[in-house]
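So the structure is just underneath, and the comments pick up after that.
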Amino acid sequence: MSKQLFARSQWETPPRLANETGTSPDTIRAAIHRGELEAHQFGSANRPSYRISRAAWEKYLALKSTFKKLDNRGKTHHRRRPLVSKKEYV
């Protein structure tokens, strides 16, 4: 017996993902159109139907996360401002 290419456990539709995250399916489709979310298009160009892999969805969520990333020492990355001496202000 062959494995199904688009098994339900690995692939989701925009309405199912929207229901899971509490967003609108249109928000997910907009991310697909912007190129932020990888999806496979089925159907016609006039009425597309999308399938999104779980791996692509996790990657998209990580991209949109507002949590600061920690470096290997457990500290957040901050851009260091150059120190300006008092002489430079005069």
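The closest side-chain heavy-atom distance from L17 to W57 is below 4.5 Å.
Partners of R34 according to the side chain to side chain donor-acceptor pair (under 3.5 Å) rule, which considers only residues two or more places apart in sequence or in another chain, are E36. For S53, there are no side chain to side chain donor-acceptor pair (under 3.5 Å) partners at least two apart in sequence or on another chain. Residues that satisfy the side chain to side chain donor-acceptor pair (under 3.5 Å) test with E20, not counting sequence neighbours, are R54. The side chain to side chain donor-acceptor pair (under 3.5 Å) search around T21 returns T23, not counting sequence neighbours.
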Walk me through whether E38 and I52 qualify under side-chain contact (heavy atoms from CB on, under 4.5 Å). CA-CA 7 Å; E38 181 184 335; I52 303 151; over 6 Å; no
Can I get a per-line list of side-chain donor-acceptor pairs under 3.5 Å for residues 25-32, giving both atom names and the distance, sequence neighbours left out?
{"unit_1": "D26", "atom_1": "OD1", "unit_2": "R29", "atom_2": "NH1", "d": "2.9"}

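What you find for A18 and S24 is that their closest heavy atoms are CB-C, 3.6 Å. Here the closest heavy-atom approach between residue F42 and residue R51 is recorded as CE1-CG, 3.3 Å.
L61 and W11 fall into different hydrophobic clusters, where Ile, Leu, Val, Met, Phe, Trp and Tyr residues are linked whenever their side-chain heavy atoms come under 4.5 Å apart, directly or through other members.
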